[in-house]
Amino acid sequence: MTISATGIVSIVELIVYIPALIAAIVVCSRHGIHRASGWIYTVILCMVKIAGAICQLLATSNQSSGLLTATIILDSIGISPLLFATLGVISRFVDWILFRGIELFSTKQFRFVQVLITIGLILSIVGGTSGSSSDGGQVTVASTSKAGIILYLVAFLGLTFFLVVSFSYRNRVPTQERRCSVAVAVAWPFILVRLVYSVLAVFLHNSTFSIIGGSVAVHAALAVVEEFLVVIDYLVLGFSLQRLEPEEQGTLTNRAWKERRARSHHRGGQSQQ
């Protein structure tokens, strides 16, 4: 039995993401599973990619409408864990800046970006189920999917704004925590390329960028590789950072400002290290 190029890519994804899932679970158990930390989304992304790879493998021999729909949904929602994880890492970094009394951003601004990603995720799922596909694999993208991608782009612009503004305050942050801004800066171009690919797949009527039946090389180069590199980037960061105890987590990770005052001496001493 000859394995298609799509099947080969799917097998490679399984080989990569199964151990990555184990590593992500270790990182998540180390830092906590609460959503604001961002680490839980590396686990979710690995699970989504494993499920997507399995669907792709099955679709190579059975292009039923159900498998095609599942493949489209899993591909589109894979962006949201990338953005959520990035938001969590930036939140941790910005919390240290806010602790210094520098009012860069408000909690509402971060929550707004979170809402944008969430709505984009919902629209992507709805769009995947309401879109249509022919027996030959030709996909008609629903308007809701297009709206979801637009919201992802707006959320990405918000994340970029947070990163650019906060990056100049790195010297106010403990040395270890500065790795958060570096990790996001490293991930930024890969997330951008992944978003551009989704925009082309959704808005450009070109078979090269089609999620189903498109160029395997293009999909691998502009989507698969980027997602994996971001996951590796954040997993390395997760292993290199120390766990923050609940009383050490700031406002952006769902802690009230009054809880931070009680630990001011503790963090003040750490910042000198």
Side-chain angles (χ1 to χ4, degrees), residues 9-58 70-71 73-96 110 113-114 117-118 120-122 124-125 128 152 155-156 159 176-188 190-191 194 220 223-250 252-255:
V9 172
S10 298
I11 292 173
V12 172
E13 285 189 286
L14 290 175
I15 294 174
V16 166
Y17 280 106
I18 289 177
L21 174 60
I22 297 173
I25 292 174
V26 173
V27 169
C28 194
S29 63
R30 177 179 180 180
H31 291 282
I33 62 174
H34 52 286
R35 291 178 300 167
S37 70
W39 307 113
I40 185 62
Y41 296 108
T42 59
V43 175
I44 294 174
L45 178 60
C46 290
M47 295 175 64
V48 167
K49 297 309 297 181
I50 290 171
I54 293 174
C55 288
Q56 282 279 16
L57 280 174
L58 295 175
T71 301
I73 292 175
L74 290 170
D75 183 84
S76 60
I77 67 175
I79 300 175
S80 58
L82 290 178
L83 298 178
F84 275 131
T86 303
L87 181 63
V89 175
I90 293 179
S91 297
R92 174 167 173 153
F93 177 72
V94 171
D95 259 333
W96 287 94
F110 276 76
V113 172
Q114 187 179 52
I117 301 172
T118 302
L121 170 62
I122 294 171
S124 296
I125 295 174
Y152 283 153
F156 180 70
L159 294 174
Q176 176 188 246
E177 298 296 327
R178 296 175 193 175
R179 300 170 189 170
C180 293
S181 61
V182 175
V184 174
V186 170
W188 187 90
F190 299 119
I191 299 175
R194 179 63 180 88
V224 176
V225 172
E226 278 68 22
E227 290 173 339
F228 178 60
L229 291 176
V230 173
V231 169
I232 292 298
D233 179 33
Y234 288 160
L235 288 180
V236 170
L237 174 68
F239 279 113
S240 69
L241 292 176
Q242 294 180 0
R243 174 188 174 93
L244 292 180
E245 297 301 327
E247 65 273 10
E248 293 181 301
Q249 297 166 8
L252 298 180
T253 49
N254 294 329
R255 291 288 173 180

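Keep in mind it's a predicted model, so treat the numbers as computed, not measured.
- With rounding to the nearest 0.5 angstrom, the CD1 atom of Ile90 is 12.0 Å from the CG atom of Asp95.
- Applying the side-chain hydrogen bond (donor to acceptor under 3.5 Å, both in side chains) criterion to Gln56, with sequence neighbours excluded, gives no partner residue.
- Residues satisfying the side-chain hydrogen bond (donor to acceptor under 3.5 Å, both in side chains) test with Ser181, not counting sequence neighbours, are Arg170.
- Counting all heavy atoms, side chain and backbone alike, Val113 lies closest to Ala155 at CG1-O, 3.9 Å.
- When all heavy atoms of Cys46 and Val231 are compared, the closest pair comes out as SG-CG1, 4.2 Å.
- Looking at every heavy atom in both residues, Arg243 comes nearest to Ser29 through NH1-O, 3.7 Å.
- Side-chain atoms of Leu83 and Ser80, non-hydrogen and from C-beta on, never get closer than 4.5 Å to each other.
- Residue Ala24 comes nearest to Thr42 through the heavy atom pair CB-OG1, 3.6 Å, listed as atom of the first residue, atom of the second, then distance.
- Between Ala23 and Phe239, the shortest heavy-atom distance links the atoms O-CZ, 3.8 Å.
- Atom OG of Ser76 sits about 8.0 Å away from atom CG of Leu121, to the nearest 0.5 Å.
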With side chain to side chain contact (heavy atoms under 4.5 Å, CB included) as the criterion, how do Leu87 and Tyr41 come out once you've worked through the C-alpha distance, each side chain's angles and the decisive distance to 0.1 Å? CA-CA 10 Å; Leu87 181 63; Tyr41 296 108; over 6 Å; no
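- Scanning for side chain to side chain contact (heavy atoms under 4.5 Å, CB included) contacts around Leu229 gives Phe190, Val225, with sequence neighbours left out.
- Note that the CZ atom of Arg92 and the NE2 atom of His31 stand 6.0 Å from one another [nearest 0.5 Å].
- Here the shortest heavy-atom pairing between Val27 and Gly238 reads CG1-CA, 3.8 Å.
- Salt-bridge annotation for Arg179 and Asp233: absent, with no side-chain N of the basic residue lying under 4.0 Å from a carboxylate O of the acidic one.
- To the nearest 0.5 Å, the span separating NZ on Lys49 from CG on Leu14 amounts to 10.5 Å.
- Atoms CG and CD1, on Leu21 and Ile18 in that order, are 8.5 Å from each other to the nearest 0.5 Å.
- With sequence neighbours excluded, the residues forming a side chain to side chain contact (heavy atoms under 4.5 Å, CB included) with Val48 are Ile44, Leu74, Ile77, listed by chain and number.
- Inter-residue side-chain proximity for Arg178 and Trp96 is flagged as unmet; no heavy-atom pair is nearer than 4.5 Å.
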Test side chain to side chain contact (heavy atoms under 4.5 Å, CB included) on Leu58 and Cys55; report intermediate values, then the result. CA-CA 5 Å; Leu58 295 175; Cys55 288; 5.7 Å; no
Residues Leu45, Phe84; criterion side chain to side chain contact (heavy atoms under 4.5 Å, CB included); working and verdict: CA-CA 10 Å; Leu45 178 60; Phe84 275 131; over 6 Å; no
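- Between Val184 and Phe93 there is no side-chain heavy-atom pair separated by less than 4.5 Å.
- Here Thr86 pairs with Tyr234 under the side-chain hydrogen bond (donor to acceptor under 3.5 Å, both in side chains) rule; sequence neighbours left out.
- Judged purely by atom type and a 3.5 angstrom limit, Tyr17 uses its side chain to pair as donor or acceptor with the backbone of Phe228.
- A distance of 10.5 Å separates CD of Glu226 from CD1 of Ile191, quoted to the nearest 0.5 Å.
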Could you go through the side chain to side chain contact (heavy atoms under 4.5 Å, CB included) check for Arg30 and Trp39 one step at a time? CA-CA 9 Å; Arg30 177 179 180 180; Trp39 307 113; over 6 Å; no
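- Residues Leu241 and Cys180 are in side-chain contact: their nearest non-hydrogen atoms beyond the backbone lie under 4.5 Å apart.
- Applying the side chain to side chain contact (heavy atoms under 4.5 Å, CB included) rule to Ile15 yields the partners Ile11; only residues at least two apart in sequence or on another chain are considered.
- In this structure a side-chain-to-backbone donor-acceptor pair under 3.5 Å is missing from Glu13 to Val224.
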